[in-house]
Amino acid sequence: MCTHIFERSHLKMKKIIATIATLFAATSLLTAELPSVIQERDLTVGGRIGLGLNFFDFNCGGDVGEDIKLMPGFGLNAFANMPISTLATLPEYLEPLGVQVELGLHVHNIATNDKRDEDAKGHYFTLDIPILATYKLDVNDMISVTPLLGPKFSFTLGKVYNDGYLLDDFALKSPFNFGIEVGATAAINIIGPGQILVDIRYNRDFTKMTGDGEFKDASKNAFDDPVLGSGQSIDISVGYQMKLNDLF
């Protein structure tokens, strides 16, 4: 009996060692191939930080407010850009085309006058994933301008928080928002191996943000699943980017 237990334990140990060796070999192979993959794809990575002018649209079916007011916001973005020409053969005039995937965290401040002409303010946080088509235009050896356009998938993190007279803090029926992002980035070659970025974007959500449950405002008006409206903003940011090729 002891012999059988020892044999089973020995067999398990051999399987574990074989699995570890296989994983090690696969990881080593991937690590060895990664530089060549990056060079072939001509990947550019970077980050941006900036401010937003939020003018939340309460008028698209909103139950809370009517007048749109400009409010400051804040955002952080990381991104990776890859030329489409590394995936397929393109005509010369299409070679500047690229695809850019971003991950951003944004703070949205909103304000309006409610239907009793009282100030209403609030804020919420989103995790944003834009997937953008880009077209790089070289102005000269130092400066390039890249228009960009594409869909944006956004997720509201937590509740919509009351900063004044709005509604009580409330959760949303769905945290998901779908929208569009359009803008342009100017890249300037003046520092280090990469470029300084100056970026401007217009963001528009198409999904209406709807509360989950019944709420009352300061006037005791009841709202069942209140529709807040949809977000939109103009974002201005600065950042830095560089090609991963320069690291290998």
Side-chain angles (χ1 to χ4, degrees), residues 26-53 73-107 125-155 157 177-205 233-248:
T27 303
S28 300
L29 180 62
L30 179 62
T31 303
E33 293 295 327
L34 186 58
S36 62
V37 171
I38 290 174
Q39 289 174 352
E40 289 174 2
R41 299 305 178 215
D42 199 20
L43 291 173
T44 298
V45 297
R48 296 182 290 105
I49 182 171
L51 299 176
L53 293 175
F74 176 78
L76 294 167
N77 283 73
F79 64 87
N81 185 290
M82 179 177 64
I84 296 177
S85 59
T86 63
L87 300 174
T89 302
L90 298 175
E92 185 176 351
Y93 64 92
L94 291 180
E95 287 184 356
L97 273 176
V99 60
Q100 182 160 306
V101 180
E102 303 193 357
L103 182 65
L105 180 63
H106 290 82
V107 182
F125 303 88
T126 60
L127 180 68
D128 303 318
I129 307 174
I131 301 176
L132 308 169
T134 64
Y135 192 88
K136 184 180 177 182
L137 301 170
D138 291 321
V139 178
N140 53 42
D141 291 340
M142 287 190 61
I143 301 174
S144 65
V145 176
T146 303
L148 40 83
L149 169 68
K152 181 186 70 172
F153 305 94
S154 181
F155 300 87
L157 304 176
N177 290 293
F178 173 75
I180 191 171
E181 191 160 309
V182 59
T185 302
I188 309 168
N189 298 304
I190 55 175
I191 297 178
Q195 299 88 38
I196 290 177
L197 305 177
V198 179
D199 187 280
I200 184 167
R201 308 269 179 98
Y202 170 68
N203 293 277
R204 171 72 190 191
D205 288 339
S233 66
I234 294 176
D235 299 332
I236 301 172
S237 61
V238 295
Y240 194 80
Q241 70 177 16
M242 65 181 298
K243 288 189 176 183
L244 284 182
N245 295 8
D246 296 334
L247 300 178
F248 297 96

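Only this structure's heavy atoms are used, side chains among them; waters, hydrogens and symmetry mates stay out. The shown structure was predicted, so the numbers you read here are calculated from the model rather than taken from an experiment. For the single chain, residues carry numbers from 1 onward in sequence order.
In terms of the ring-ring contact (aromatic ring centres under 6.0 Å, His included) criterion, residue partners of Phe153 (sequence neighbours excluded) are, by chain and number, Phe178. Listed by chain and residue number, Asn203, Ser233 satisfy the side chain to side chain donor-acceptor pair (under 3.5 Å) test with Asp235 (two or more places apart in sequence, or in another chain). Considering only residues two or more places apart in sequence or on other chains, Gln195 meets the side chain to side chain donor-acceptor pair (under 3.5 Å) condition with Asn189, Gln241. The side chain to side chain donor-acceptor pair (under 3.5 Å) check on Asn177 picks up Thr156, with sequence neighbours excluded. Take Tyr202 and apply the ring-ring contact (aromatic ring centres under 6.0 Å, His included) test, not counting sequence neighbours, and it matches no residue. Every residue meeting the ring-ring contact (aromatic ring centres under 6.0 Å, His included) condition with Phe125, not counting sequence neighbours, appears here in chain and number order: His123. For the side-chain contact (heavy atoms from CB on, under 4.5 Å) test, residues two or more places apart in sequence or in another chain that qualify with Leu105 are Leu157. Applying the side chain to side chain donor-acceptor pair (under 3.5 Å) rule to Ser237 yields the partners Arg48; only residues at least two apart in sequence or on another chain are considered.
Within the 4.5 Å cutoff, side-chain heavy atoms of Leu43 are placed close to those of Leu244. Contact annotation: the side chain of Ile196 approaches that of Ile190 to within less than 4.5 Å [non-hydrogen atoms, C-beta and beyond].
For the salt bridge (Lys or Arg N to Asp or Glu O under 4.0 Å) condition, the pairs that include at least one residue of residues 143-154, sequence neighbours left out, are Lys152-Asp205. Residue pairs that meet the salt bridge (Lys or Arg N to Asp or Glu O under 4.0 Å) test with at least one member in residues 188-197, sequence neighbours left out, do not exist here.
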Determine whether Asn77 and Ile49 satisfy the following criterion, side-chain contact (heavy atoms from CB on, under 4.5 Å), listing intermediate values before the conclusion. CA-CA 6 Å; Asn77 283 73; Ile49 182 171; over 6 Å; no

Could you walk me through whether Glu102 and Glu181 pass the side-chain contact (heavy atoms from CB on, under 4.5 Å) check? CA-CA 11 Å; Glu102 303 193 357; Glu181 191 160 309; 4.2 Å; yes

Does the pair Leu148 and Arg201 meet the rule for a side-chain contact (heavy atoms from CB on, under 4.5 Å), with working shown? CA-CA 9 Å; Leu148 40 83; Arg201 308 269 179 98; 3.3 Å; yes

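Nearest heavy-atom pair across Ile191 and Tyr240 is O-OH, 2.6 Å.
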Could you tabulate the donor-acceptor pairs under 3.5 Å formed by side-chain atoms of residues 128-140, not counting sequence neighbours?
from   : atom 1 : to     : atom 2 : distance (Å)
Asp128 : OD1    : Thr126 : OG1    : 3.2
Asp128 : OD1    : Ser154 : OG     : 2.5
Asp128 : OD2    : His106 : ND1    : 2.8
Asp128 : OD2    : Thr126 : OG1    : 3.2
Thr134 : OG1    : Asn81  : ND2    : 3.2
Thr134 : OG1    : Gly98  : O      : 3.4
Tyr135 : OH     : Tyr93  : O      : 2.5
Asn140 : OD1    : Met142 : N      : 2.8
Asn140 : OD1    : Ile143 : N      : 2.8

